[in-house]
2 protein chains.
Amino acid sequence: MTEKLPKYDVFQAIADPTRRDVLYLLSLQKQSIAEISSHFDISRTAVVKHLNVLTEAGLVRGEKNGREKIYYLQPEPLQELQDWLTYFEQFWHNKVNKLKYIVERD
Amino acid sequence: MTEKLPKYDVFQAIADPTRRDVLYLLSLQKQSIAEISSHFDISRTAVVKHLNVLTEAGLVRGEKNGREKIYYLQPEPLQELQDWLTYFEQFWHNKVNKLKYIVERD
DNA sequence: TTGACATAACACCATTTGGTTCTATATAAT
DNA sequence: ATTATATAGAACCAAATGGTGTTATGTCAA
């Protein structure tokens, strides 16, 4: 009971540059916490915290494999971000729409 | 001298739901701080802080007009977000690429 | 079975964040 | 001139964030 409501959404998850770097790393190759950590100057504990945030946002998934935990990219939640962006695209993507916006704005 | 380096980028600016709501409001219509504030339950001062963050990220611009300050949407910096997203699209946007990713990942 | 390795789980800390209230200043309206 | 309006800015605060180090647990290899 008392379902733990997710604290981090996609928008918050990608706000941190370290977490964006983690996502990039995982887009190249699934890898263990130790491997991921080796790319950063911060402690392994700190990296794990970032992985937990990304997991809560649904952007990665970790699977136990022996004594290692292998993390995978789980890109689907980025669709929410794309949807959000698509709405705003009309305001700058092409000059016709941009002009339309500027005229109608006032 | 000692140029004040920007503290907030686009990724951080859109991480907060209130700020995303402000962007949406401004996409509909340019408006004063008072008008923007009227849509939220938080204090005007808090709204101004959010506007400052959005301004630092280049997503809005405020222009003094008499005793009012009118804020406009400035959507161009969202392109950076779109560019970032575009890279990850290959991993989920169509099933062929997704399969390609899953196979090559291992 | 013993030692090394990989992760998990704490407890702790400084800074940042998102909010508040109060005061000051500039402009508009009567 | 006086009053009301709109914004600016300071001081303050609690909670969240991003980091640390230490300890415990589970797994693999010699």
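Protein chains get the first letters and strands the later ones, always in sequence-line order, with residue 1 at the start of each. Basis for what follows: all heavy atoms, side chains included, without hydrogens, waters or symmetry-related copies.
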Q. Which residue, B:Tyr8 or B:Thr45, contacts DNA chain C at a nucleotide closer to its 5' end, judged by nearest heavy atom?
A. B:Tyr8
(Q) So B:Tyr71, base contact, sugar-phosphate only, or nothing? Heavy-atom distance under 4.0 Å. (A) nothing
**Q.** d(CD1, A:Ile36; C1', C:dA8) in whole Å
**A.** 15 Å
Q.
Please tell me whether A:Tyr87 and B:Tyr24 form a close aromatic pair, meaning their ring centres lie under 6.0 Å apart.
A. yes
(Q) Any side-chain N or O of A:Gln12 below 4.0 angstrom from OP1/OP2 of D:dT17? (A) yes
Q.
Both A:Asp41 and A:Lys64 contact DNA chain D. Taking the nearest nucleotide for each, which residue is further toward the 5' end?
A. A:Asp41
Q: For A:Glu68 and C:dA8, give me the distance from atom CD to atom P, rounded to whole Å.
A: 11 Å
Q. Between atom NZ in B:Lys69 and atom C1' in C:dT25, what is the gap in whole Å?
A. 14 Å
Q) Expressed in angstrom and rounded to an integer, what is the separation of B:Glu56 atom CD from C:dT17 atom P? A) 10 Å
Q | Nearest-angstrom distance from the residue atom CG of A:Asn52 to C1' of C:dT7 | A | 11 Å
Q.
Whole angstroms only, please: what is the CD1-P distance between B:Ile42 and D:dA15?
A. 18 Å
Q.
Determine whether the aromatic ring centres of residues B:Trp92 and B:Phe88 are separated by less than 6.0 angstrom.
A. no
Q. A:Gln79 and A:Asp83: side-chain donor and acceptor closer than 3.5 Å?
A. yes
Q | Quiz item: A:Arg67 side-chain donor-acceptor pair to C:dT7 base, under 3.5 Å | A | no
Q: Tell me what B:Ser32 touches on the nucleic acid: a base, only sugar-phosphate, or nothing, going by heavy atoms under 4.0 Å.
A: sugar-phosphate
Q. Does a side-chain N or O from B:Ser43 land closer than 4.0 Å to OP1 or OP2 of C:dG19, or not?
A. no
**Q.** Enclosure of B:Asp41 CG (heavy-atom neighbours >12, cutoff 6.0 Å)
**A.** no
Q.
Would you say A:Lys49 places a side-chain N or O within less than 4.0 Å of OP1 or OP2 belonging to D:dG19?
A. no
Q. Does NZ or CZ of B:Arg61 lie under 6.0 Å from the centre of the six-membered ring of B:Tyr71, at an angle within 45° of the ring axis?
A. no
Q) Is the phosphate of D:dT17, meaning OP1 or OP2, less than 4.0 Å from a side-chain N or O of A:His50? A) no
Q) For B:Asn65 and D:dT5, what is the distance between atoms CG and P respectively, to the nearest whole Å? A) 19 Å
Q: Would you tell me if any nitrogen or oxygen in the side chain of A:Arg44 comes within less than 4.0 Å of OP1 or OP2 on C:dA6?
A: no
Q: Measure the distance from CD1 on A:Ile70 to C1' on C:dA6 and round it to the nearest whole Å.
A: 10 Å
Q. B:Ala46 near the nucleic acid: base, sugar-phosphate alone, or nothing, with a heavy-atom cut-off under 4.0 Å?
A. base
Q. Side-chain N or O of A:Lys7 less than 4.0 angstrom from OP1 or OP2 on D:dT17?
A. yes
